[in-house]
Peer 1: 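Okay, handing you the structure first.
Both ligands and their constituent atoms are indexed starting at 1 by order of listing. Computation of the quantities below employed the complete heavy-atom set of this structure, encompassing side-chain atoms and omitting hydrogens, waters and symmetry-equivalent molecules.
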Amino acid sequence: MSASGAKNAALPLMFATLLAPGPHRLGNLPRLRDIRTAEQLLTGLGARVQSENGTLQVTTDALNGKEAPYDLVRTMRASVLVLGPLLARCGRARVSLPGGCAIGARPINLHLKGLEAMGAEITLDHGYVEARAKRLQGARIYLDTPTVGGTENLMMAATLAQGTTVIENAAREPEISDLAVALCGMGARIEGAGSDTIVIEGVDSLGGMDHQVMPDRIEAGTYLIAAALTGGRIKVNNARPEHMEALLSKLEEAGAECSVEEDGILVAGPREILPVNIKTQPHPGFPTDMQAQFMTLMTLCSGSSMITETVFENRFMHVCELQRMGADITIEGHTATIKGVPGLLGAPVMATDLRASACLVLAGLAADNTTEISRIYHLDRGYESLEEKFRSLGADIERVPTAS
Ligand code: EPZ
């Protein structure tokens, strides 16, 4: 089976079309709620958007809006990624502050600090960020934390700035490299994307984008963990090993057999799941977006595992749901200790955020009896037809209409 296009690559790529009139073409888009929200946001800004069979045609020659409204931003925080492109292209932007979300406060102070360093005038008004700049100036920007969205916002803004911008302590996620490839295809001059120092030489204008979104490494990883968890064998055809080294090495440490083939990655689950300790880190460390799914694997390990979440302050909400299924987990600060149990018990559980809902699906696949997961709209934000893909792998899973 194959992973769909990566949500976390597709969203910044869609907003990068604001940097130039186009026409732009973006292929391999996943069919997800967040993608539809991003299309709505582009249309609201005056872009002409046509989407069919996972390919988006966009022209932004008649941008009239400059605002990302609160009702869109609060449903999808990635909307703040219009800030850099709008400021660079139109000289002003008005974006609602995203506010916190289930997994943490999610501030954007580093996005704003970087834009100010590039000469933008930033004011806060009624929960909105007002940003203005005649023309952004290249600057040397140090990011206190390697923020993914901050790196993307600043890299996009810098493509049209006057002079050269250096982003130090930049995030290194593969989605950033994918964005840089697309931007360079539009005529941007970017070096070092994927490393902790990115150098962008501003140009006066950019051409159209023509790009295919990279495969979703988090979705792919979720299926590979499912193989390890159930003792099955799953091959994800378009998974790229260079995007998933941390996960693959931890799956091997847990006793799974991982083989990298030229057209994908195959994982065969072990008879005995060995305990593994995890500490989430910015890429290339173990991804925070895989923490909940890996914890499900550890609930059935033959010992005790410690998982420490260092990226977000509140990303253990799946723990109490797993405990309802018989998992033995205790939390101390940012570290969860998971003592393996012989088996999980099916139960009604509730999804709290995107990756937590994926971990509950995995737990349901491994548990005895039936597990009902409510609030799966969280799941639909980041996984395209998950139940069909799992059914094709032999899972007994179906989507049932919620009781009215
Ligand atoms: C991106 O979020 C992803 N979302 C997240 O995936 C992912 O978990 C996260 O990166 C980390 O890898 C998208 O790409 C759309 P950050 P982002 O800015 O950019 C702090 C999923 O499940 N920070 O790298 O919002 C922040 O509080 C989602 O698909 C500041 O302090 O993450 C957090 O602790 C969830 N100030 C840490 O950095 C800032 O200005 C990492 O946040 C910005 C961030």
Peer 1: Just heavy atoms, cut-off under 4.0 Å: does E152 contact ligand 1 by side chain, backbone, both, or neither?
Peer 2: neither

Peer 1: Counting only heavy atoms not in D396, do more than 12 sit closer than 6.0 Å to its CG atom?
Peer 2: no

Peer 1: Which bit of T145 is near ligand 1, meaning a heavy atom under 4.0 Å away: side chain, backbone, both or neither?
Peer 2: side chain

Peer 1: Using distance alone, determine whether L110 and ligand 1 share an N or O pair under 3.5 Å.
Peer 2: yes

Peer 1: Checking contacts here: is it the side chain or the backbone of D289 that comes within 4.0 Å of ligand 1, counting heavy atoms only? Could be both or neither.
Peer 2: side chain

Peer 1: Is the closest N or O pair between F312 and ligand 1 shorter than 3.5 Å?
Peer 2: no

Peer 1: Against R48, only a single residue in T60, D61, T43, V58 fulfils side-chain contact (heavy atoms from CB on, under 4.5 Å); can you say which?
Peer 2: D61

Peer 1: Can you sort out which atoms of ligand 1 are near P107, meaning under 4.0 Å from one of its heavy atoms?
Peer 2: 27 (O), 30 (C), 31 (O), 36 (N), 39 (C), 40 (O), 43 (C), 44 (C)

Peer 1: Nearest to atom 41 (C) of ligand 1, what protein heavy atom do you find, and at what distance?
Peer 2: V311 CG1, 3.7 Å

Peer 1: For Y128, give me all partners under ring-ring contact (aromatic ring centres under 6.0 Å, His included), at least two apart in sequence or on another chain.
Peer 2: none

Peer 1: Quick one: list whatever passes side chain to side chain contact (heavy atoms under 4.5 Å, CB included) with A327, sequence neighbours left out.
Peer 2: T299, L322, I329, L344

Peer 1: Is the shortest side-chain N to carboxylate O distance from D178 to R217 below 4.0 Å?
Peer 2: no

Peer 1: Would you say V148 and ligand 1 have an N/O pair spaced under 3.5 Å apart?
Peer 2: yes

